[in-house]
Amino acid sequence: MTTLLISDLHLQPATPEITDGFLRWLAERASGAEALYILGDFFEAWIGDDLLDLGAADPTGTAALASRVAAALKTLAEAGTAIYLMHGNRDFLLGERFAKAAGARLLPDPSVVTLGGRPVLLMHGDSLCTRDEAYMAFRRQARDPQWQAQVLGMPIAERLQLAKQLRDQSGEANSNKAEDIMDVTPDEVVEALWAQEVDTLIHGHTHRPAVHDLEVDGAPAKRLVLGDWQPDKGWEIVVEEGSEPRLQEFPLS
């Protein structure tokens with residue numbers, strides 16, 4: 001049986017090519033898979049599951065997009081594929097209501113799961129970027145249940161404005177940061193693998209798809225990084241029983 005892992009689709013109305021490509025990928029590539037893991041930043045922004053109530057009244061178009069995506073995921077789940085959703089730094093307010101609509105289960109970050117008969121550590125990846133102190137401060141705030149409850153208590157219009165403000169601030173801040181600061185901290189990777197007693201880590205977030213060989217306590221280990229989807233291409237990791245995880249790029253058109 002095949003397990004598929006993806007991340008960083010950043011689905012939004014502004015990039016319909018990615019949404020349409022993802023829906024084709026679900027129907028053609030993911031059909032028949034044993035499991036699908038979505039490791040964060042599935043949506044470019046998510047202001048709360050009550051967004052689904054807006055439907056066509058949502059001025060951003062995200063509600064209609066999310067309903068299409070949830071329905072397609074539910075179809076895949078009903079055909080027998082287990083679907084797991086992990087929060088990212090863009091969609092950390094995804095909740096049980098959306099997960100239920102999509103036939104999915106929310107997956108904690110980090111999680112150790114069995115893939116291809118061996119334990120593998122799954123993360124979104126942002127918690128590994130500890131050299132970016134400003135982002136880590138925001139992450140602590142954004143993952144605080146009290147802060148989340150406060151945000152979810154705001155009117156939807158205010159939350160939409162807040163999401164836009166946070167995206168704008170993030171883009172401006174990142175443009176002024178050194179590239180290495182926005183990548184993972186190598187020591188954090190080793191520490192995460194050592195703490196979970198595994199030799200393989202899969203994550204997204206950094207938009208730097210690659211397979212890295214490293215050592216943990218003198219033993220060989222691997223870090224596989226998923227890429228972000230673009231209008232013309234996507235990234236996946238494929239795991240089959242008894243084989244190593246495989247990172248692949250593929251055309252969306």
Side-chain angles (χ1 to χ4, degrees), residues 7-12 37-55 57-60 62-63 65-67 69-70 73 83-113 121-174 176-177 181-185 188-189 191-192 195-196 201 203-206:
S7 73
D8 298 279
L9 279 72
H10 295 272
L11 296 176
Q12 57 180 315
Y37 290 85
I38 303 172
L39 301 185
D41 284 359
F42 188 37
F43 293 99
E44 172 66 4
W46 191 260
I47 62 165
D49 290 0
D50 56 345
L51 177 71
L52 297 170
D53 295 330
L54 291 182
D58 172 18
T60 70
T62 303
L65 180 155
S67 294
V69 168
L73 287 171
I83 302 174
Y84 301 91
L85 282 170
M86 182 177 284
H87 291 125
N89 54 295
R90 298 280 187 172
D91 53 12
F92 51 84
L93 290 177
L94 275 173
E96 292 291 349
R97 179 178 170 188
F98 177 82
K100 183 177 180 181
R105 281 173 275 184
L106 294 177
L107 187 70
D109 179 7
S111 286
V112 175
V113 302
L121 175 60
L122 304 182
M123 306 177 74
H124 175 56
D126 58 331
S127 63
L128 299 169
C129 301
T130 56
R131 289 173 293 190
D132 189 345
E133 296 179 0
Y135 172 72
M136 294 305 291
F138 168 74
R139 187 181 191 278
R140 287 190 292 272
Q141 177 190 58
R143 301 304 176 100
D144 176 40
Q146 187 174 354
W147 184 86
Q148 291 188 3
Q150 181 181 351
V151 170
L152 291 171
M154 296 165 57
I156 286 181
E158 291 183 20
R159 278 182 269 154
L160 288 170
Q161 184 59 38
L162 176 62
K164 181 180 184 305
Q165 179 184 336
L166 291 174
R167 289 197 305 275
D168 290 346
Q169 289 175 350
S170 174
E172 183 179 347
N174 288 346
N176 295 317
K177 290 176 182 175
I181 287 178
M182 294 186 290
D183 202 355
V184 300
T185 304
E188 290 293 326
V189 172
E191 172 64 24
Q196 299 290 346
L201 165 65
H203 71 84
H205 178 65
T206 62

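In this chain, numbering begins with 1 at the start of the sequence shown. The figures that follow rest on heavy atoms only: side chains count, while hydrogens, waters and symmetry mates do not.
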Nearest 0.5 Å, what's the CE-CG distance between Met86 and Leu94? 12.5 Å
Provide the closest heavy-atom pair for Arg159 versus Met154 in the form atom of the first, atom of the second, distance. NE-O, 2.9 Å
Checking the side chain of His10 only, and the main-chain atoms of Phe43 only, is there a donor and an acceptor separated by less than 3.5 Å? no
Quick one: CG on Asp41 to CG on Leu11, what's the gap to the nearest 0.5 Å? 10.5 Å
Write down the atom of Thr62, the atom of Ala45, and the distance for their closest heavy-atom approach. CG2-O, 4.5 Å
For the residue pair Phe138 and Phe92, does the interplanar ring angle fall in the parallel (under 30°), tilted (30 to 60°) or perpendicular (over 60°) class? perpendicular
Side-chain donor-acceptor contact under 3.5 Å, Asn89 with His124: yes
side-chain contact (heavy atoms from CB on, under 4.5 Å) for Ile47 and Gln161? Distances and angles first, verdict last. CA-CA 10 Å; Ile47 62 165; Gln161 184 59 38; over 6 Å; no
Nearest-0.5 Å distance, OG1 of residue Thr60 to CG of residue Leu51: 6.0 Å
Within a strict 4.5 Å, meaning less than it, do heavy atoms of the Phe42 and Val69 side chains meet? yes
So Val113 and Tyr37, side-chain contact (heavy atoms from CB on, under 4.5 Å) or not? Walk me through it. CA-CA 10 Å; Val113 302; Tyr37 290 85; 4.0 Å; yes
side-chain contact (heavy atoms from CB on, under 4.5 Å) between Val184 and His203: does it pass, once the steps are laid out? CA-CA 10 Å; Val184 300; His203 71 84; 3.8 Å; yes
Does the pair Asp132 and Arg139 meet the rule for a salt bridge (Lys or Arg N to Asp or Glu O under 4.0 Å), with working shown? CA-CA 11 Å; Asp132 189 345; Arg139 187 181 191 278; over 6 Å; no
Taking the side chain as every heavy atom from C-beta outward, state whether Thr185 and Cys129 have any pair of such atoms under 4.5 Å apart. no
In this structure, CG of Asp109 is separated from CG of Leu39 (nearest 0.5 Å) by 8.5 Å
Ser111 (side chain) donor-acceptor with Leu107 (main chain) under 3.5 angstrom: no
Nearest atoms (heavy-atom pairs only) where Gly204 meets Ser7: CA-OG, 3.5 Å
How long is the gap from CD on Gln196 to CE on Met123, to the nearest 0.5 Å? 8.0 Å
Are the side chain of Asp168 and the backbone N or O of Gln165 linked by a donor-acceptor pair below 3.5 Å? no
Measure across Ala192 and Leu121 and return the closest heavy-atom pair with its distance rounded to 0.1 Å. O-CD2, 3.8 Å
Can you confirm whether Leu52 sits close enough to Arg97 that some side-chain heavy atom of one is under 4.5 Å from a side-chain heavy atom of the other? yes
Quick check for you: to the nearest 0.5 Å, what is the distance between Gln148 atom CD and Leu152 atom CG? 7.0 Å
Evaluate the criterion side-chain contact (heavy atoms from CB on, under 4.5 Å) for residue pair Phe98 and Leu85; output intermediate values, then yes/no. CA-CA 10 Å; Phe98 177 82; Leu85 282 170; 3.8 Å; yes
Does the pair Arg143 and Asp126 meet the rule for a salt bridge (Lys or Arg N to Asp or Glu O under 4.0 Å), with working shown? CA-CA 12 Å; Arg143 301 304 176 100; Asp126 58 331; 3.6 Å; yes
